[in-house]
Structures are given as structure tokens and as C-alpha cells.
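Structure, as C-alpha cells:
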Amino acid sequence: MLRRDQGCIMVKISVIIPVYNTKKSVLMRCLDSIECPQNCKVECVIVFDGQPEFDVAFLQDAYVDTDIRYIIAEHGGVSHARNVGLDHASGEYVVFIDVDDVLPKEGLSNLFDVIDNAELVVGSFLKVQGKQESLIRPSIDAAISTPAGVLEYQLGVLLPDTGNGLLWNKMYSMQCINEHAIRFNESISVGEDSDFVYRYLIHVHTIRVTSKPVYTYIRMSNTAVTAFRASYEQRIFRSMEIMRENVTRQQLRDWSYFSTYYTYHILLIIVHYIFNPNNQWSVAKEKEEYEVLWRIAVNEINNCKKKEFNIAKRITIFCFRHRFFVLNKMIAWIRNRQIG
């Protein structure tokens, strides 16, 4: 349960929680999972993305011993809500929690205990899907304090399955965020976490790591990724355009890192857009979209680091490179069955 521990001297950690279309019980579950580490305070900055569905006055009554502030912001999406949270946060460090997730026991302590003036701490996280629970460890197992090491970790944001681009298994320095005016890009609604982390890492000198769990990601079967949205492909390409600009400004020598990031998102379009079971397209329409996507993406896909993908994704990439439409459709059907 979130509380102010005795001996706290000053606000150290701001926990930013964007809330949209969320039940009161879900918010309370999230708040109840947050524990205050010893020798510091925690402030919870709850940002309602639009008018909440319940009376938020209960927060002051239910959490009377808790440092909670809440803001009801105009609906503008999760990035806008997080930016509002950053504008109101007063801690020296900040973590982000999605309201439908929770923190494991001592989650904040596991991050805070190793920060030691680093700009970034990365931890393991628990992935819960139904009755299955797995511990996902960071891509690094030791602290990084060299420019080359930080760059390597930053480039890992562009690679699949590293977890480097995840927002919520990390603790950030508010001084670094404010000094460099780092905010979430509100023009994108896909890949906004990776974009934020990638730009933040440009200003990082030291990364510390803990193998202890710092976050619990609750994967729901009815996640939004299974729904069909006509704007999905456009939003993916917008996100890739922003990351291309980031990489271009940085004058990255090895472009295959971006090609790999690009290819991963092309796979998302194939599975969740072209072959989404809810799009109600004819086979002719699917083939048309498939061919257009192939013409746009084939050069980047040929340049990507294929060995960075797991075997299932490599097969999907191979089929797409060679325009094996039926095989791609079969793979997408299996994948959509797994997450649906």
C-alpha cells in the first residue's frame, strides 16, 4: 500500500500515472501496489486524460496518508497526459506506470537502491498473461558509464526484443529531463515510448541496472492491438518517420539499426493491419495492400539485421521479402489467434 514512511526528508520520486477510460478499482489496484522506499518520499501524479468516469474526490479520502495530486487534463492522448504529469512532477527522479499495470513488492526500492546519481536505472519486469508469469531481464547485466556503452544500449532501442525502448521498467532523472526539455512527442500514438527513451539516452552518461523485478506488465487478451483501426498503418509510418529523424540527426553510421526498427514495424502492419481478422477486407484488397507495402518496405527489409529477430519473425520476413502472400497470411492468422 502506498504510504509516507517515517524518516522521509524530501520528495525523491514522482510516479506518473496517465488514466483514460479506467475503472476506479483498476486505479486503486495500481496505487495500492506502490510502496515508498526507505529514506525518500513518493508523490503520485495522476493525470486523467479527459473527464474521469468516477468522482476523483475519493483519492483524498482513501489515501489520506499519501502524497497524491491529480490533474484532469483535456483529452489529448497518453503522451499529452504524461507531459502534463512531467510539468507537475516535483521529484528528483521519475517513473511511469500504466494504470492497468502494477508494481511488484519493493519495485520502486529495487530501482532507487542502485541509482547512485545515474541518469537511468533499468530493471527486470514481470510479464503476466492469464495464469502465466515470466520474469524478463534487462539486456544488460552490469552498469554502463562509457559513451560507447551508452550508445550501444541506445541502439538496442532500435532492435526487437531487447526491452531497451520500454518506458516503464526504468527510473529517470528529472534534472536531465528538464535541462534538455525532453517531452513525449504528442504527434505520434505508436512507438512514443521508444522515441522518448531514445532521445533521453542522448543525454545519459551512466546507466545502472538491477536484476530484481521493478514492474509488473499485465498483458490482457483483449488488448487494443487486436482491434482493427483504419489509421493503424498511417500511425505506424508516422512513428517510423519520427525515429528516422532522430537517427538522422544523430548521424548514425550503421543504418541497419534503423532498418531493423523499420522492419519490426512492417511486421506489425502485416499482422495487425493487412491480415487483421477484423478488417473485413476481401482477398483482393489484402493482396493490393500487401503489394503496396512490399514496394515501400523491401529496401529497408533487405538492409535489416535479420539475426536480431526470433525464428518466427525471420520466417515472416523471408516470406514477405519473397512475396509469399499465402504463407504470410497463415503466419498472421496464427499470431492473431495467439493474442486474440
Side-chain angles (χ1 to χ4, degrees), residues 13-24 26-27 30-31 34 42-57 59 67-91 93-103 120 157 165-203 215 217-218 220 223-225 227 229-246 249 265 268:
I13 303 170
S14 297
V15 178
I16 296 177
I17 308 174
V19 179
Y20 174 71
N21 195 24
T22 300
K23 293 181 180 179
K24 175 179 166 181
V26 173
L27 174 58
C30 179
L31 290 173
I34 303 170
V42 169
E43 67 166 4
C44 257
V45 183
I46 304 169
V47 183
F48 292 95
D49 182 24
Q51 193 64 33
E53 298 183 350
F54 48 83
D55 184 0
V56 298
L59 289 167
D67 188 359
I68 284 184
R69 66 179 70 182
Y70 63 85
I71 303 101
I72 300 177
E74 183 178 352
H75 176 54
V78 67
S79 291
H80 175 69
R82 287 172 177 157
N83 285 338
V84 171
L86 286 172
D87 291 341
H88 286 81
S90 60
Y93 302 102
V94 62
V95 299
F96 299 92
I97 305 179
D98 290 344
V99 69
D100 48 358
D101 295 331
V102 296
L103 296 188
L120 185 69
V157 173
L166 295 175
L167 179 71
W168 30 250
N169 66 329
K170 299 174 175 66
M171 181 174 284
Y172 307 82
S173 162
M174 277 300 297
Q175 180 179 353
C176 183
I177 287 174
N178 289 331
E179 278 188 359
H180 301 285
I182 305 168
R183 291 294 187 269
F184 290 87
N185 189 327
E186 297 182 22
S187 74
I188 57 177
S189 56
V190 175
E192 63 273 17
D193 293 7
S194 295
D195 169 68
F196 179 90
V197 173
Y198 190 90
R199 288 184 289 109
Y200 181 83
L201 283 163
I202 294 172
H203 308 288
Y215 195 88
Y217 167 56
I218 302 174
M220 305 300 291
T223 183
V225 77
R229 290 176 172 81
S231 63
Y232 183 74
E233 183 181 46
Q234 181 182 358
R235 292 188 292 122
I236 288 278
F237 275 111
R238 173 59 180 161
S239 174
M240 290 193 291
E241 178 186 339
I242 294 299
M243 187 59 79
R244 185 192 296 272
E245 292 173 359
N246 292 337
R249 280 194 301 269
H265 286 80
L268 295 181

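Being a predicted model, the structure only gives us computed values, none of them experimental.
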Suppose we screen for side-chain hydrogen bond (donor to acceptor under 3.5 Å, both in side chains). Which residues come up paired with [X], at least two apart in sequence or across chains?
| X | answer |
| --- | --- |
| His88 | none |
| Asp49 | His75 |
| Gln175 | Glu179 |
| Ser231 | Arg235 |

[atom2] on [Y] to [atom1] on [X], rounded to 0.5 Å:
| X | Y | atom1 | atom2 | answer |
| --- | --- | --- | --- | --- |
| Leu201 | Ile182 | CG | CD1 | 9.0 Å |
| Asn185 | Glu245 | CG | CD | 8.5 Å |
| Ile68 | Leu31 | CD1 | CG | 5.0 Å |
| Leu166 | Ser194 | CG | OG | 7.0 Å |
| Ser14 | Arg69 | OG | CZ | 7.0 Å |
| Leu120 | Lys170 | CG | NZ | 6.5 Å |

[X] side chain vs [Y] backbone, donor-acceptor pair below 3.5 Å:
| X | Y | result |
| --- | --- | --- |
| Ser79 | Phe184 | no |
| Asp98 | Asp100 | no |
| Thr22 | Tyr20 | yes |

Result of checking Leu27, Ile71, Val84 against Phe48 for side-chain contact (heavy atoms from CB on, under 4.5 Å):
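That would be Leu27; it is the only one of Leu27, Ile71, Val84 passing the side-chain contact (heavy atoms from CB on, under 4.5 Å) with Phe48.
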Side chain proximity check, Leu103 to Val15, heavy atoms < 4.5 angstrom
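The answer is no, as the side chains (C-beta and beyond) never meet within the 4.5 Å cut-off.
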Are any of the side-chain nitrogens in Glu241 or Arg238 under 4.0 Å away from the carboxylate oxygens of its partner?
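Here Glu241 pairs with Arg238 in a salt bridge, since their nearest N and O are under 4.0 Å apart.
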Of the non-hydrogen atoms in [X] and [Y], which two are nearest, and what is the gap between them?
| X | Y | answer |
| --- | --- | --- |
| Ile17 | Cys30 | CD1-SG, 4.0 Å |
| Pro18 | Val99 | O-CB, 3.7 Å |
| Leu86 | Ile16 | N-CD1, 3.5 Å |

Partner residues of Tyr172 under the ring pair (Phe, Tyr, Trp, His ring centres under 6.0 Å) criterion, sequence neighbours left out:
Phe96, Phe196, Tyr200
Please list, chain by chain and in numerical order, all residues satisfying ring pair (Phe, Tyr, Trp, His ring centres under 6.0 Å) with Tyr93, sequence neighbours excluded.
none
Set of side-chain contact (heavy atoms from CB on, under 4.5 Å) partners for Asn178, sequence neighbours left out
Met174, Arg183
All salt bridge (charged side-chain N to carboxylate O under 4.0 Å, His left out) counterparts of Asp101, not counting sequence neighbours:
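Per chain and number, Asp101 pairs via salt bridge (charged side-chain N to carboxylate O under 4.0 Å, His left out) with no residue.
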According to the salt bridge (charged side-chain N to carboxylate O under 4.0 Å, His left out) rule, which pairs have a member within residues 184-199, sequence neighbours left out?
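Checked against salt bridge (charged side-chain N to carboxylate O under 4.0 Å, His left out) - neighbours excluded - the pairs reaching residues 184-199 are Arg82-Asp193, Asp195-Arg199.
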